[in-house]
Structures are given as C-alpha cells and as structure tokens.
Amino acid sequence: MALTHRSFAYETGTNLTNERLEFLGDSVLGLVVTEELYKRYPDLDESRLSPLRSGVVNMRALADIARTLELGSAIRLGKGEEVTGGRNKNSLLADALEAIIGAIYLEHGFAKASEVVLRLIEKTLNGAVAKGAGLDGKTALQELLAAQSKGVPEYVVTETGPDHDKSFTAFAMVGGIALAQGEGKSKREAEQIAARVAFELLSMATQDVDASESED
C-alpha cells in the first residue's frame, strides 16, 4: 500500500492509498532529522537548525533520494498519471518515500525507522551542510574544511579607531595562509564575514574542480 497512488486506487475502485502512510512517514522523518541535527550541532539555535532541516526534508531532496532507490518504477499509478510522467514527478516520489518510512515505522518501530532514515539522508544531509545551509559563516567554513580534510580555520583580528567607533578586520586562516578577510563593527561580525567569503571561495573552487573532472 505504501506505493499505491490515489490515481491507481480511484481507477481500480479501492480506497487503499499511500496517503495515510505518507502522513505518518512525514512526521517520523521530521522527528528523526530534527533529532539528528539537534545532536550534531549543539551550538546552533532554532533559526539556523530550521533551514538546515528544510534542506534535507524538502520535496526535491526527498524525490532525489527516491530516484536513487528507483521508486518511480515501483509506484502503482493510474493511467492518467502514467501518461503525464507521474513516475518522475517530485511530489509523487517524495510522497512514496515518506509512505515507505511510515510503513517501516508501523512494522518495525521507531528505532528501525530511524536507522533507515539516517542511512537514506546521510548524503543529502552532508550536501546541505557542505553548502552551508542553515549554518553561520564560521560553522559552514569549519564543516567544509573538515569534509575536505584541510584542518581547522583560525582567525587573526586587528582593530582600528577610537573606543567609541572601532572597526575590526578579520582574516580567515588555514594552515597559516589567509583565505579571506572581513570587516565589521565587532570582532564577531568581522570573523563571520571573513569565514563566509572563505567558504564561498572554497565552494567555487571545489565546483570548478568537479566540473573539470566531469569533462575529462
């Protein structure tokens, strides 16, 4: 039933669809991802955790996971949905994945469902983190450097101006090399800007390398 779309149920005269399982699976998925982020990033507040979670459980991300599992070929669709390309629609694929998660929860309990979800989302979660989704500049840069095995960033900060109107300049350093600089009215602001610039530069460099390798 987890793979039965309502279009198939309508055409075959049954009311057994995957919509209730999808409803359940959506909640299970949300809880598992929220708990994982809560544990993984103890220093992030809700304003940063929420967009990071959205980067993992949004429809497009779930549909991409479903495609890796080739769920599209297994969904039971009505003829109308079939001819309009329903097997590759993001909404149908995401719903089917959530329905399967709901079915696993009912059959095997939360622990097993959590294990499956974490395995399914691992690549998506790492990708969201690598893009800096939901993370401040310093955290995003630290995560990216860790993923690339480049060590831990350090910050060198200088200040100028009178006490009532100071300006700060921060340099994001890796291995003694300055990757980027940022300026602000506080040390934290300057460090965050430097980290974000460094993150964007490294991300662009990584994308260029990947593109070059894909052309070879």
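Starting from 1, each residue takes its place in the sequence as its number.
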Do Val174 and Leu145 have side chains that approach each other closer than 4.5 Å (heavy atoms only, starting at C-beta)?
yes
Of the non-hydrogen atoms in Val57 and Leu62, which two are nearest, and what is the gap between them?
O-CD1, 3.4 Å
Is atom NZ of Lys89 surrounded by more than 12 heavy atoms (other residues, nucleotides or ligands) closer than 6.0 Å?
yes
Separation of Arg188 CZ from Phe168 CZ (nearest 0.5 Å)
13.5 Å
Shortest non-hydrogen contact between Ile101 and Leu29, atoms and distance:
CD1-CD1, 4.1 Å
Pair listing, salt bridge (charged side-chain N to carboxylate O under 4.0 Å, His left out) test, anchored in residues 25-36, at least two apart:
Glu35-Lys39, Glu36-Arg40
With sequence neighbours excluded, what pairs up with Lys185 under the side-chain hydrogen bond (donor to acceptor under 3.5 Å, both in side chains) test?
Asp165
Are Lys123 and Thr68 close enough that some pair of their side-chain heavy atoms sits under 4.5 Å apart?
no
Under 4.5 Å side-chain linkage, directly or through intermediates, the cluster mates of Val156:
Phe171, Met173
Using a 4.5 Å cut-off on heavy atoms from C-beta on, say whether the side chain of Ile65 contacts that of Leu71.
no
Keeping Arg76 on the side-chain end and Thr4 on the backbone end, is there a donor-acceptor pair under 3.5 Å?
no
Ignoring hydrogens, what is the shortest heavy-atom contact between Gly86 and Leu77? Give both atom names and the distance.
C-CD1, 3.8 Å
Nearest heavy atoms of Gly80 and Glu11, plus distance in Å:
N-OE2, 3.6 Å
Check: Val152 main-chain N/O paired with Gln142 side-chain donor or acceptor under 3.5 Å:
no
CD of Glu122: more than 12 outside heavy atoms within 6.0 angstrom?
yes
OG1 on Thr17 to OH on Tyr10, rounded to 0.5 Å
14.5 Å
What about Val32 and Phe23, same hydrophobic cluster or not, with Ile/Leu/Val/Met/Phe/Trp/Tyr joined at side-chain heavy-atom distances under 4.5 Å?
no
Are there more than 12 heavy atoms of other residues, nucleotides or ligands under 6.0 Å from atom CZ of Arg87?
yes
Please name all residues satisfying side-chain hydrogen bond (donor to acceptor under 3.5 Å, both in side chains) with Glu70, sequence neighbours left out, ordered by chain then number.
none
Using 0.5 Å steps for rounding, measure from the CZ atom of Arg6 to the CG atom of Asp95.
8.0 Å
Can you get from Val157 to Ile193 by hopping between Ile, Leu, Val, Met, Phe, Trp and Tyr side chains that sit under 4.5 Å apart?
no
When rounded to the nearest 0.5 angstrom, what is the spacing between CG in Asn18 and CG in Leu24?
12.0 Å
In one Ile/Leu/Val/Met/Phe/Trp/Tyr side-chain cluster, 4.5 Å: Leu120, Met59
no
Quick one: list whatever passes side-chain hydrogen bond (donor to acceptor under 3.5 Å, both in side chains) with Arg20, sequence neighbours left out.
none
Between Val33 and Tyr38, is there a shared hydrophobic cluster once you connect ILVMFWY residues whose side-chain heavy atoms come closer than 4.5 Å?
no
Measuring from Leu141:CG to Tyr155:OH, what's the distance to the nearest 0.5 Å?
4.5 Å
Is the shortest heavy-atom distance from the side chain of Leu21 to the side chain of Leu106 under 4.5 Å?
yes
May I ask you to check whether over 12 heavy atoms, not counting those of Phe110, lie within 6.0 Å of atom CZ?
yes
Check whether any side-chain heavy atom of Val56 lies under 4.5 Å from a side-chain heavy atom of Leu37, and answer yes or no.
no
Look at atom NZ of Lys79 and say whether more than 12 heavy atoms of other residues, nucleotides or ligands are closer to it than 6.0 Å.
no
Can you tell me how far the CZ atom of Phe199 sits from the OG1 atom of Thr139, to the nearest 0.5 Å?
11.0 Å
When every non-hydrogen atom of Ala113 is compared with those of Ile104, the smallest separation belongs to CA-CG2, 3.8 Å
Please name all residues satisfying side chain to side chain contact (heavy atoms under 4.5 Å, CB included) with Asp64, sequence neighbours left out, ordered by chain then number.
Arg60, Arg67
State, to 0.1 Å, how close Ala190 and Gly184 come at their nearest heavy-atom pair, and which atoms those are.
CB-N, 3.8 Å
